[in-house]
Every structure is written in structure tokens, then in C-alpha cells.
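Data first, discussion second: the structure below is written as C-alpha cells.
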Amino acid sequence: QVQLVESGGGLVQAGGSLKLSCAASGSIFSFNAMAWFRQAPGKQRELVTTITLGGNTNYADSVKGRFTISRDNARNTVYLQMNVLKPEDTAVYYCVAFQSGNNYWGQGTQVTVSS
């Protein structure tokens, strides 16, 4: 059974940084890809970034150049480094794992960026 646990969210001022962590119950290389999604109140769920089994990464235009996804296989953990945060980044951030047609979601962690 897959379990994903996000951590690292919180309140930060605009221009600041946060690093989110997503700890998986097993090897992250058992998944075809990992991703971070986010959802702000009253808005559609948005794909923020992905990393494939081969290490290829993609970013939404809104975060490109500010956010970085990375992984540490020894710790079975995926990270999201968020720099130069903007109020528009305020959302619940979700870690997602893709495996053989199944999507596994973490519980989410709140990120709030104040003006």
C-alpha cells in the first residue's frame, strides 16, 4: 500500500522561501513519475511540476525559475524548493505518485504567502 506524507508548509512573506518534503512508504523508483499539484481556494487544481523515473523535470510557467523539484532515493523522498514566493503561490500543495495507471495522493500541506 502506498503512503505519501507531505511536510514543510507554513506561512511566509512574499519573496521568501520554503522547502516541501514528500516521504513515500517505499522506493520512489517504484513509481513512473512523481509530481506536485496545488489548489487554491476557489480555483482549479494546478499541476506545478513533475519528475519522471529517468529524472526529466517539467514546470508550470507560473513557477518556472522559482521552484525546483528534486529527489533523494536513499530517503525515499521528493522535495519542492520554492523561492521568491508570491501571494499567488498560496495553496494546498499535494504530492502525487504515478504507478501503472494509479495515482496516489498525499494529504496536502498548506502554503500561505503574505503580501
Side-chain angles (χ1 to χ4, degrees):
Q1 180 76 343
V2 174
Q3 183 72 36
L4 304 174
V5 180
E6 302 101 328
S7 62
L11 175 64
V12 65
Q13 292 184 353
S17 298
L18 284 173
K19 188 174 184 178
L20 306 183
S21 298
C22 172
S25 57
S27 173
I28 59 175
F29 290 102
S30 67
F31 307 114
N32 296 320
M34 302 287 293
W36 288 94
F37 282 77
R38 67 185 182 185
Q39 188 163 23
K43 295 185 178 179
Q44 188 78 16
R45 182 192 302 147
E46 176 186 20
L47 175 61
V48 177
T49 180
T50 60
I51 184 166
T52 67
L53 184 62
N56 189 39
T57 59
N58 287 286
Y59 298 90
D61 289 340
S62 58
V63 307
K64 192 173 184 179
R66 300 187 297 118
F67 290 13
T68 303
I69 188 171
S70 62
R71 64 192 182 197
D72 186 336
N73 186 48
R75 292 174 170 80
N76 295 318
T77 301
V78 174
Y79 302 97
L80 181 63
Q81 178 66 51
M82 306 184 295
N83 298 323
V84 198
L85 282 161
K86 304 175 180 180
E88 309 92 84
D89 296 318
T90 295
V92 177
Y93 284 72
Y94 297 93
C95 180
V96 186
F98 301 93
Q99 183 185 37
S100 301
N102 295 116
N103 304 329
Y104 304 99
W105 291 71
Q107 82 286 352
T109 185
Q110 176 70 48
V111 172
T112 302
V113 184
S114 62
S115 300

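Judged by distance alone, with hydrogens and angles left aside, the side-chain atoms of Gln99 form a donor-acceptor pair with the main-chain N or O of Ser30 at under 3.5 Å. Here the side chain of Tyr59 pairs a donor or acceptor atom with the backbone of Ile69 at under 3.5 angstrom. When atom types are taken as modelled, the side chain of Arg38 and the backbone of Val111 share no donor-acceptor pair closer than 3.5 angstrom.
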Passes side-chain contact (heavy atoms from CB on, under 4.5 Å), Leu80 versus Thr68? Steps please.
-> CA-CA 6 Å; Leu80 181 63; Thr68 303; over 6 Å; no
Take Val78 and Ile28, measure what side-chain contact (heavy atoms from CB on, under 4.5 Å) needs, and give me the verdict at the end.
-> CA-CA 8 Å; Val78 174; Ile28 59 175; 4.3 Å; yes
Steps toward side-chain contact (heavy atoms from CB on, under 4.5 Å) verdict (Val12, Ser114) = CA-CA 6 Å; Val12 65; Ser114 62; over 6 Å; no
Apply side-chain contact (heavy atoms from CB on, under 4.5 Å) to Thr90 and Gln110, showing your working.
-> CA-CA 8 Å; Thr90 295; Gln110 176 70 48; 4.0 Å; yes
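With 3.5 Å as the limit, one finds a donor-acceptor pair spanning the side chains of Ser62 and Glu46. Side-chain contact of Ser17 with Asn83: a donor-acceptor pair under 3.5 Å is present, judged by distance alone.
Tyr93 and Tyr104 end up in the same hydrophobic cluster when Ile, Leu, Val, Met, Phe, Trp and Tyr side chains are linked at under 4.5 Å. The hydrophobic cluster containing Ile51 also contains Met82, counting ILVMFWY residues as joined when their side-chain heavy atoms lie under 4.5 angstrom apart, directly or transitively. Under the 4.5 Å side-chain heavy-atom criterion for ILVMFWY residues, no single connected hydrophobic cluster contains both Val2 and Phe37. Residues Val92 and Val96 fall within the same hydrophobic cluster, defined by Ile, Leu, Val, Met, Phe, Trp and Tyr side chains chained together at heavy-atom separations under 4.5 Å.
Residues Asn58 and Thr49 share a closest heavy-atom pair of O-OG1, 2.8 Å. When all heavy atoms are compared, the tightest approach of Phe31 to Leu53 is O-CD1, 3.6 Å. Of all the heavy atoms in Ala40 and Ala91, the pair that sits closest is N-CB, 3.8 Å. Considering all non-hydrogen atoms of both residues, Ala60 and Leu47 come closest at CB-O, 3.5 Å. Annotation for Met34 and Ala97: closest pair SD-CB, 3.4 Å, computed over non-hydrogen atoms. Between Tyr94 and Gly108, the shortest heavy-atom distance links the atoms CD2-CA, 3.6 Å.
Between Gln107 and Glu6, the closest side-chain pair of non-hydrogen atoms falls below 4.5 Å. You'll find the side chain of Leu4 stays beyond 4.5 Å of the side chain of Trp105, heavy atoms only. A 4.5 Å side-chain heavy-atom check between Leu85 and Leu18 finds at least one atom pair inside the cut-off. Residues Phe29 and Arg71 form a side-chain contact, since some pair of their non-hydrogen atoms from C-beta on lies under 4.5 Å apart.
Heavy atoms of other residues, nucleotides or ligands lying less than 6.0 angstrom from CD of Gln3 number 12 at most.
Partners of Arg66 under the salt bridge (Lys or Arg N to Asp or Glu O under 4.0 Å) rule, at least two apart in sequence or in another chain, are Asp89.
One finds the CG atom of Leu20 at 6.0 Å from the OG1 atom of Thr109 (value rounded to the nearest 0.5 Å).
Aromatic rings from Trp36 and Phe67 are positioned such that their centres are separated by 6.0 Å or more.
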